[in-house]
2 protein chains.
Amino acid sequence: MAAAFKALSDPVRVRLLSLIASHPGGEAYVNTLSSAFDLTGPTISHHLRVLRNAGLIDCERRGTWVFYWVIPSALERLSAVLNVPAKTVP
Amino acid sequence: MAAAFKALSDPVRVRLLSLIASHPGGEAYVNTLSSAFDLTGPTISHHLRVLRNAGLIDCERRGTWVFYWVIPSALERLSAVLNVPAKTVP
DNA sequence: TGTCAATATAGGCGGGTGTCGAAGCAAGGA
DNA sequence: TCCTTGCTTCGACACCCGCCTATATTGACA
C-alpha cells in the first residue's frame, strides 16, 4: 500500500502521472514526457519504471515509441485510503 | 504537493495515519500508537513529526499525554489529485 | 544487412532517510 | 523538592534514492 505512495513521493513522478493522465486519450509517449523536464532520458525512464512497478501506470510498445497510460483503479484505491471519516463523529 | 505523498511513502506512517483516523473521536495519544509497532518511541515520534510537517496531522498536549488527529482537508486535497479522468474519453 | 532513432539498462556518485540508544523536557504525584 | 512517566530531541550508523554517463536493445527504413 505504502509502495504506491512511495512511487508518488517524488515531484517528477507526480508530474509525470499528471501529464500522462491529462494527455488526450490518456496516453503519452516518452519523448513528449521527457521534453517537459530538464532531466535526461534515462532518468525519466527510471521514474516511469518506478510508477510501473507500483502498478500506477502501464505501457505498450507501438513501433519505435512506447506509450504510457495510468491505471485508474490503482489511483482509486489510493484515493479510498485517504477518505477518512470527519474528526467529529459523536 | 509531492511532499505530502513523500510523508506517506513509509508503511509505518500510512499505518499511523490510519490508526489515528480510525480511533474513536479521530484522536489518539502517542503511547497507544507506539504499542502498535515493534519500534522504539523516538522512531514513532520521528514519523509523527514527518506527518505533522507535511500538514497531514496536528497535535495538542493535554496534561502528560499528547493527542494527534488527522487534518481532513489535507487528505481531501491529496485525494483530489488522484481523481483522474477515465482513459477512454471520446 | 547496416544505420539511425527512441527507450531501456547498468554502474557509480552524492545526499537524504529510517532506526537506535542516550539525554533532555514537561507534567503530575509522593 | 525529588522522582516517575510520557514524549521529544540529539547524534550516529547503515541503507536507499535520484541523478548522471555510458552501453545495450528494439524497431523502422534504406
Side-chain angles (χ1 to χ4, degrees), chain A residues 1-20 23-71 78, chain B residues 1-21 23-71:
Chain A
M1 186 76 255
F5 284 120
K6 194 189 193 82
L8 291 172
S9 68
D10 188 281
V12 173
R13 290 197 288 268
V14 174
R15 242 184 100 197
L16 274 174
L17 200 76
S18 171
L19 280 173
I20 295 172
H23 254 257
E27 297 180 334
Y29 69 98
V30 180
N31 201 3
T32 300
L33 299 171
S34 288
S35 59
F37 298 88
D38 268 347
L39 296 171
T40 64
T43 298
I44 299 295
S45 193
H46 159 70
H47 285 302
L48 288 171
R49 189 224 287 257
V50 172
L51 287 171
R52 199 156 72 90
N53 284 344
L56 298 178
I57 63 177
D58 202 359
C59 68
E60 181 190 20
R61 180 170 211 115
R62 292 181 201 161
T64 308
W65 300 286
V66 177
F67 281 78
Y68 281 83
W69 60 87
V70 305
I71 301 179
L78 288 185
Chain B
M1 187 77 255
F5 285 118
K6 196 188 192 81
L8 291 173
S9 68
D10 188 284
V12 173
R13 291 196 287 268
V14 174
R15 244 184 99 197
L16 274 174
L17 199 77
S18 172
L19 279 174
I20 296 173
H23 254 258
E27 299 180 332
Y29 68 99
V30 180
N31 200 1
T32 299
L33 300 171
S34 288
S35 59
F37 297 88
D38 268 347
L39 297 171
T40 64
T43 299
I44 298 296
S45 194
H46 160 69
H47 286 303
L48 287 171
R49 188 222 282 264
V50 172
L51 287 171
R52 199 157 73 91
N53 284 344
L56 298 179
I57 64 177
D58 202 359
C59 68
E60 180 190 19
R61 180 173 212 113
R62 294 185 199 156
T64 308
W65 300 286
V66 177
F67 281 77
Y68 280 83
W69 59 88
V70 305
I71 301 179

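A note on names: the letters A, B, ... follow the listed sequences, proteins ahead of strands, and every chain is numbered from 1.
- Look at CZ on R61(B): it is 13 Å from P on dC25(C), rounded to the nearest Å.
- Side-chain proximity of S45(B) to the nucleotides dA8(C), dT9(D), dC20(C) is greatest for dT9(D).
- Following rounding to the nearest Å, F37(B) (CZ) and dT19(C) (C1') show an atom-to-atom distance of 14 Å.
- Rounded to a whole Å, the NE2 atom of H46(B) is 6 Å from the C1' atom of dG18(C).
- Side-chain nitrogen and oxygen atoms of K6(B) include at least one within less than 4.0 Å of the OP1 or OP2 phosphate oxygen of dT17(C).
- Straight-line distance from the CD atom of E60(B) to the C1' atom of dA26(C): 15 Å, rounded to whole Å.
- Rounded to whole angstrom, the span from the NE2 atom of H47(B) across to the P atom of dT17(C) amounts to 12 Å.
- If you take CG of N31(B) and P of dC7(D), they are 5 Å apart, rounded to a whole angstrom.
- At a threshold of 4.0 angstrom between heavy atoms, the contacts of R52(A) with the nucleic acid are absent.
- The side chain of R13(B) contributes an N or O atom lying less than 4.0 Å from OP1 or OP2 of dG18(C).
- Distances were taken from every side-chain heavy atom of T40(B) (C-beta onward) to each of dA6(C), dG21(C), dC19(D); the shortest belongs to dG21(C).
- Residues P42(A) and G63(B) both approach DNA chain C. Their nearest nucleotides, taken by heavy-atom distance, put P42(A) toward the 5′ side.
- In this structure, of dC20(C), dA8(C), dA5(C), it is dA5(C) that holds the atom nearest to the side chain of T64(A).
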